[in-house]
Structure formats: structure tokens, C-alpha cells
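All remarks here apply to the structure that follows.
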There are 2 protein chains.
Amino acid sequence: MLTDRQLFILQAIIDDFIRSAQPVGSRSLSKKEDITFSSATIRNEMADLEELGFLEKTHTSSGRIPSEKGYRYYVDHLLSPHQLKIKDVELLKSIFAEKIYELEKIVQKSAKILSELTSYTTIVLGPGVQENKLRRLQIVPLNKETAIAIIVTDTGHVENKMFSIPPSLDVNEIEKMVNILNERLQGVPLMELSDKIYREVAVLLSRHIKSYDKLVQNLAHTLDVPGHEKLFFGGKTNMLQQPEFNDLDKIKTLLSMIDQEQDMYKLLSKNPAGIHVKIGRENKISAMENCSLITASYSIGKEQVGTIAILGPTRMQYSRVISLLDLLSHDLTSALTRLYQKA
Amino acid sequence: MLTDRQLFILQAIIDDFIRSAQPVGSRSLSKKEDITFSSATIRNEMADLEELGFLEKTHTSSGRIPSEKGYRYYVDHLLSPHQLKIKDVELLKSIFAEKIYELEKIVQKSAKILSELTSYTTIVLGPGVQENKLRRLQIVPLNKETAIAIIVTDTGHVENKMFSIPPSLDVNEIEKMVNILNERLQGVPLMELSDKIYREVAVLLSRHIKSYDKLVQNLAHTLDVPGHEKLFFGGKTNMLQQPEFNDLDKIKTLLSMIDQEQDMYKLLSKNPAGIHVKIGRENKISAMENCSLITASYSIGKEQVGTIAILGPTRMQYSRVISLLDLLSHDLTSALTRLYQKA
DNA sequence: CTTAGCACTCAATAAGATAGAGTGCTAACA
DNA sequence: TGTTAGCACTCTATCTTATTGAGTGCTAAG
């Protein structure tokens with residue numbers, strides 16, 4: 001177990017390093033106001049903390065920097081709650097200032113402002129549409145061969161996709177079909193749509209519509225792919241400002257990982273509720289070695305629908321970022337709930 | 001006027017520099033197979049070419065590099081037509097391999113493949129929707145206060161937006177209104193929609209609908225903002241690979257300019273038909289000083305609808321990129337025309 | 001247990017030294 | 001008169017070497 005003094009020193013070192021990005025030496029630490037013991041004492045404690053794995057040296061005679069284990073301990077036990085600046089809070093609240101109806105816009109604005117506030121990179125995993133329920137299906141013919149299928153979900157999300165229609169088909173038939181489909185499929189989650197069409201509605205349709213099979217096939221296939229949740233980014237290049245990334249190779253690997261959206265999906269997709277901090281290699285991706293990721297989930301009502309995350313260097317302002325994310329995720333949840341749950 | 005030999009040397013220098021990114025010296029040039037005169041002669045010619053402004057030195061005793069004026073002359077007069085590799089052509093054609101209906105997907109895929117092919121950054125300005133004509137307007141109520149307006153254009157583009165409805169309004173009334181609007185507004189360009197609603201349809205509506213004024217106001221406002229054309233990017237970080245950007249500051253300015261989409265709009269928006277090359281400062285943006293931009297327009301039918309561009313260092317493979325862009329813009333035009341002009 | 005003192009280490013910076021690629025100019029040559 | 005060999009000169013890049021300063025570990029005294 002760590003002594004109080006060790007905890008105090010560990011915290012002081014990490015705080016200092018987060019601020020300065022420079023290895024912390026015993027002498028400079030001892031000069032701080034609230035430290036009563038000498039640099040030699042600090043050196044001894046540092047040696048112990050290093051042996052325990054909380055600190056590291058960059059070379060034999062350098063000051064100490066936190067190890068991943070050090071950060072982990074710091075985040076779990078030493079984090080002093082951060083009092084957000086009024087300006088910060090105001091900026092966050094400004095996301096919801098104008099009456100916005102589009103979820104995408106809110107999310108995008110959140111990402112932008114959060115990245116400005118932190119100088120880190122913001123990543124938002126938008127709500128998946130797969131679980132949304134169908135509110136209305138609409139088909140608009142464009143010409144004799146193609147039509148557009150439009151899906152409106154209960155959350156107000158609109159998906160659309162072109163598909164080809166058998167040339168023999170009559171416009172009235174399409175209308176008939178749309179009516180039947182709407183009657184039968186309202187409230188069905190999108191992910192079950194095509195399945196439901198085949199199993200329940202196809203039979204019914206076959207009675208009313210002539211060349212229904214080809215049409216239904218096309219349509220079902222069209223409805224089947226409302227794709228993955230969407231990712232939104234803010235401050236993609238903010239990491240360039242961080243002193244730990246003044247190395248070209250590091251930047252290259254990091255930026256190309258950010259552009260590799262699949263990796264980002266992995267990082268953000270399995271998210272239990274609440275705020276979570278993943279430090280360095282805990283992220284299981286080599287390009288994230290010097291980065292930490294703080295994630296927070298947001299919901300509509302009780303249902304968790306997305307994740308908002310900050311990607312920064314391991315030397316990150318954990319306390320402040322956590323406060324910001326906590327506030328924003330709550331605001332986001334209540335705004336979205338207010339907007340969509342009245343239905 | 002330049003002599004034949006000067007032209008030959010200028011071309012050789014630029015070709016060499018584009019390949020190697022190293023200043024070209026007289027001695028290394030003279031060693032080339034197809035050069036019959038000595039390095040001293042080349043030195044003399046180089047001095048002349050420098051005096052004329054086509055070449056530059058990086059320092060007093062360095063080899064020569066092309067000046068912007070040199071590149072300009074090279075692009076205008078010395079470009080040898082580039083024979084595309086079969087593999088390149090195949091890759092380009094693969095964009096249209098699967099039957100895709102969504103314009104966005106085609107455009108995105110184009111950007112991706114083009115950036116892979118060139119190792120530069122691709123920027124595509126998608127078709128603007130302002131000129132598209134209304135095919136169908138649809139309104140789907142979500143709850144008592146909000147509804148979604150959906151616009152389908154003649155090109156199959158779908159826009160949607162939430163708006164609030166006066167709580168007193170009846171569902172039937174909305175349906176009535178939608179019918180009237182569709183009857184009156186079909187074929188009207190989106191940019192004229194709200195105007196037309198106020199001037200022609202409002203009177204008509206007032207006869208049939210109770211609390212029409214507030215509703216129409218909301219709706220017209222909603223339809224009014226189908227925003228700017230969309231930008232698509234491919235290989236945003238490809239420039240990191242280019243040797244001229246091994247400098248952190250240059251990368252920072254360049255990448256943040258790319259993320260500043262408004263600058264990109266400026267660069268791509270006023271585009272006469274055909275392929276155009278803008279070299280370095282010709283782009284009028286300081287961050288573009290070491291970059292060239294090659295743009296090509298693409299059309300649906302006769303109507304030019306978008307721009308596809310490659311952003312690379314001034315030391316760019318002009319000939320190859322122009323060939324690639326030329327091929328792609330034509331393919332894109334014919335694919336889109338085939339897809340949308342049958343209406 | 002704490003601390004002053006000292007020898008030692010390492011990174012960062014600056015200062016020479018050297019090699020190499022390249023130029024400009026001059027004079028000889030065809 | 002145009003071309004070329006030769007030479008002195010310039011500048012960059014790279015390698016060495018020296019110096020400084022921040023920092024450590026260890027020892028011995030308080």
C-alpha cells in the first residue's frame with residue numbers, strides 16, 4: 001500500500017507532467033510551495049514509486065514521467081474533481097442554444113465545440129438506426145426503371161435508397177403495395193424489416209400485386225442495409241498541437257488510424273453506460289500507444305444510443321475532460337430525450 | 001523565345017525533379033543517355049533559364065528546381081501525354097463495377113480510389129441541389145409538435161428536415177396541404193421553392209387550411225435551406241507522405257486548411273468546364289503555396305454539376321494526374337447521365 | 001527517518017572539421 | 001561563335017568533440 005506522502009508525490013508529479021509535458025525532477029518538485037520535505041526525500045520516494053511501476057524515466061538520469069499504471073492509479077484514485085470554467089460551460093450550453101431539430105447537426109456541433117474546448121480530438125458515434133422503429137415507408141418513382149424508397153423512423157431519422165422496379169409495374173400497384181407495407185410494418189425495428197416482409201407480408205402482397213416477387217426482392221434488399229452507425233469527428237488535426245506528437249512518424253500512424261474508421265468503431269462500439277477511461281495500451285491498438293480515450297454514453301430516454309469520446313495523449317487533462325464529457329453527455333441525453341420522446 | 005535545347009533541358013529538369021524531389025545539377029543531368037552536350041553547356045543554359053524565371057536555386061551552389069513560372073510553362077507547353085497503366089484504368093473503372101444508385105457513394109468511392117492511385121488528396125464537390133427540381137414533397141408527422149418534411153428531387157436526391165407544426169392542426173389538413181403543394185410545386189427548382197410558396201400557393205392554401213399562416217411560415221423556412229454543395233475527401237493525410245511536407249509547420253497549415261472547408265469551397269466552386277491546373281500561389285491561398293490543384297468538372301447530360309480535384313505538391317505528376325482526372329470525369333459524367341437522364 | 005553533499009549520467013546545444021555536390025567563370029578548342 | 005575542360009569557390013549535410021545543466025543514486029551525518 002502507498003503511504004500518504006507517496007500518494008501526494010505521485011499526484012504532484014502527474015499533475016505537473018500533464019501541465020508541462022516535461023519529466024519532473026526531484027529538485028523542481030521540492031521547490032513547490034506545498035512541499036515541506038527535501039529533494040533527497042523526494043528522490044527516495046520516487047525510486048520507490050518507480051519500483052512499484054507507477055513512474056518511469058526517459059533515460060537513466062532524467063526526471064520521472066508517469067507510467068500507464070501511474071495514470072491508471074491517478075485516474076482511479078487521485079483525480080480531484082474539476083471545477084469547470086464559466087466560459088467552458090457557456091460554450092457547451094451554446095450547442096443547444098438554437099432550436100435544432102436534426103440530430104446530426106447537434107452531434108456535429110458537439111464534436112466541434114468539444115474539440116475546441118479541449119484541443120484534443122472528439123469522436124462521436126451517432127445513434128444506430130437498426131433499432132429504430134419504422135414510422136413510415138414511402139416510395140417515389142423517378143422514372144420507369146428506378147424509384148426511391150424512403151424510410152422514416154420513430155426518431156425522425158430518414159433513410160433513402162434507390163432501387164430498380166420491374167418495368168411492367170403500374171404506378172397504382174406501387175401505391176397499393178406501399179399502403180399494405182405501411183399498415184403491416186409500422187413499429188417494426190429496421191433490422192427486422194426485410195425478414196418480416198418475406199415472412200408475413202409477401203403472401204399478402206402476392207394476392208394484390210401482379211409481378212410482386214421481383215419487386216419485393218428488390219425492395220427488401222434495399223431496406224436491408226441501413227448500414228452502420230455514423231461517426232462524427234471534431235478537431236482531427238488537434239493532436240498535431242500536442243508536444244508528444246512532434247514526431248512525423250507518430251503523427252502519420254495516429255492520423256491514418258483516425259481515418260481508418262473501422263478501428264474507431266471498435267474503440268467506441270462496445271460501451272457500457274457511464275464514463276470510461278482507457279489509457280494507452282489498454283486500447284489494444286498499437287497506434288493508440290501514447291493516447292488515452294475517454295468515452296461517455298448518451299441516451300434517448302432510458303435507451304443508450306451513442307457514444308461521445310475524446311482522444312488525447314496519455315498526458316491528458318483527465319479531470320477536466322471527464323467533467324466536460326459528463327456535462328455534455330447529460331445535456332445531450334436530456335435534449336434528445338425531450339426532442340424524441342414526446343412521440 | 002526559348003531555343004529547342006532550352007526547352008529540352010527545362011523539361012528534363014522538371015521531369016527529374018518531379019521524380020526525385022531533389023534539386024537537379026548539371027553534372028547528373030549530363031549523365032543521362034539522351035543528352036549529348038556537356039555539363040558546362042547545361043550550366044550555361046541553366047543560368048539563362050534561371051534569368052528568365054523558369055528555374056530557381058535553393059541556395060547559391062545548389063542544383064536547380066522549377067519555379068512556379070517553370071511549372072506553368074511545363075504544364076502549358078511541355079507536357080507529354082501520359083499513357084495510363086492498365087492497372088490504373090482498371091481501378092478507375094472498378095468505381096462503376098457494381099450497380100450503384102447513390103450519387104454520394106459513387107462520388108465517395110471516386111475520391112477514395114483517386115487518392116489511392118495518386119498518393120495525393122482528392123476533393124470532390126458534389127452536385128448542388130439548389131438547381132434540382134422538386135419531384136415530390138412529403139410530410140410525415142412525428143408527434144403533435146413536430147413533423148418531417150421530405151423533398152425528393154428529379155435527380156433522386158432526398159433532403160429532409162424537421163419542423164414544428166402548430167398543435168391545433170389536424171392531420172387531414174396536413175395531407176390536404178401536401179397535396180396542394182405537390183400539385184403546384186412539381187418541377188420547381190429548390191432554390192425558388194419558398195418564394196413560390198409565398199407568392200402563389202399561400203393564397204390558395206389560406207382558403208383550405210385553418211391555421212395555415214404559421215404552418216406555411218415554418219414549412220417555407222424549412223424548405224429554404226438545402227444548404228451548400230457537399231465536399232467529399234479522399235486521402236486527406238496522403239500529403240504526409242510527400243517529402244516536401246516533412247516539416248511539421250507546413251503539415252499543420254496544410255491539414256488545417258483542408259479541414260477549413262470554406263477555403264476548399266472557394267477553390268472548387270468557380271469552375272469552368274474542362275481540366276484546369278492551378279500552381280502554387282495561383283490559388284491565392286497562402287497555405288497552398290507549395291501545392292497545385294488540378295480540377296475537372298463533371299456533368300449530368302449537358303449540365304455541369306460538380307468538380308473533382310486533386311491536391312498535390314507543386315512537384316506533382318501533372319501529366320498522369322491530368323490523364324486520370326480526364327478519364328474519371330468522363331466516366332463519371334456518362335455514368336451519372338445514364339443514371340439520371342432517363343427520367 | 002531525513003537531508004546535505006558528491007560523483008556520475010545523459011540529453012541538448014554549440015562549435016569545428018570534413019566531404020560532396022554543385023556553381024560560375026575563364027581559357028582553350030573546333 | 002558556340003562548346004567544353006578545368007578550377008576556385010560556396011553551401012549543405014554530417015560527423016566529432018566539448019560544454020552545460022538538469023537530474024539521479026548513494027553515502028554519511030544529523
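Only this structure's heavy atoms are used, side chains among them; waters, hydrogens and symmetry mates stay out. In what follows, every chain begins at residue 1, and chains take the letters A, B, ... in the order their sequences are listed. From a predicted model like this one, the values you see are computed outputs, not experimental measurements.
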Euclidean distance, A:S286 OG relative to A:M288 CE, rounded to 0.5 Å: 10.5 Å
Interatomic spacing from OG1 in B:T122 to CD1 in B:I308 - rounded to 0.5 Å: 6.5 Å
Separation of [X] atom [atom1] from [N] atom [atom2], in whole Å?
X: B:K31; N: C:dG22; atom1: NZ; atom2: C1'; answer: 12 Å
X: B:R27; N: C:dG24; atom1: CZ; atom2: C1'; answer: 17 Å
X: B:I65; N: C:dT23; atom1: CD1; atom2: C1'; answer: 15 Å

Plane angle bin for A:Y71 and A:F17 - parallel if under 30°, tilted between 30 and 60°, otherwise perpendicular: tilted
Enumerate, atom names and distances included, each donor-acceptor pair closer than 3.5 Å involving a side-chain atom of residues 289-297 of chain A, sequence neighbours excluded.
{"residue": "A:S292", "atom": "OG", "partner": "A:Y318", "partner atom": "OH", "Å": "2.7"}
{"residue": "A:S297", "atom": "OG", "partner": "A:G274", "partner atom": "N", "Å": "3.2"}

Please confirm whether the shortest side-chain N or O distance from [X] to OP1 or OP2 of [N] is below 4.0 Å.
X: B:K57; N: C:dG24; result: yes
X: B:R5; N: D:dT3; result: yes
X: A:R64; N: D:dG23; result: no

Nearest-nucleotide pick for B:S26, side chain only, options being D:dC11, C:dT23, C:dC10: C:dT23
Would you tabulate the nitrogen or oxygen pairs shorter than 3.5 Å linking the protein to nucleotides 17-22 of chain D?
none

Polar side-chain atom of B:T307 near backbone of B:L125 as donor-acceptor pair, under 3.5 Å: no
A:S323 side chain to A:S319 backbone, donor-acceptor under 3.5 Å: yes
Listing, residues 51-58 of chain A side-chain donor-acceptor contacts under 3.5 Å, not counting sequence neighbours, or none:
{"residue": "A:K57", "atom": "NZ", "partner": "A:T60", "partner atom": "O", "Å": "3.3"}
{"residue": "A:T58", "atom": "OG1", "partner": "A:S62", "partner atom": "OG", "Å": "3.0"}

For B:K109, all residues meeting side-chain hydrogen bond (donor to acceptor under 3.5 Å, both in side chains), sequence neighbours excluded: B:E98
Under 3.5 Å, which N/O atoms of the protein pair with N/O atoms of nucleotides 12-19 of chain C?
none

Pairing residues for B:A40 by the side-chain contact (heavy atoms from CB on, under 4.5 Å) criterion, not counting sequence neighbours: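 Once residues adjacent in sequence are excluded, the partners of B:A40 under the side-chain contact (heavy atoms from CB on, under 4.5 Å) criterion are B:S38, B:R43.
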Test side-chain contact (heavy atoms from CB on, under 4.5 Å) applied to B:D326 - qualifying residues, sequence neighbours left out: B:I275, B:H330
Within residues 76-86 of chain A or reaching into it, pairs that qualify as salt bridge (Lys or Arg N to Asp or Glu O under 4.0 Å) - sequence neighbours excluded: A:R72-A:D76
Residue pairs passing the salt bridge (Lys or Arg N to Asp or Glu O under 4.0 Å) test where at least one lies in residues 251-262 of chain A, sequence neighbours excluded: A:K236-A:D259
Residues in contact with DNA chain D, drawn from residues 34-56 of chain B - heavy-atom cutoff 4.0 Å: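 Of all residues in residues 34-56 of chain B, the ones placing a heavy atom under 4.0 Å from DNA chain D are B:F37, B:S38, B:A40, B:T41, B:R43, B:N44.
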For DNA chain D, the residues among residues 6-14 of chain A that have a non-hydrogen atom under 4.0 Å from it: none
Contact list for residues 7-19 of chain A, test side-chain hydrogen bond (donor to acceptor under 3.5 Å, both in side chains), sequence neighbours left out: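 The answer is A:D15-A:Y74, A:D16-A:R19.
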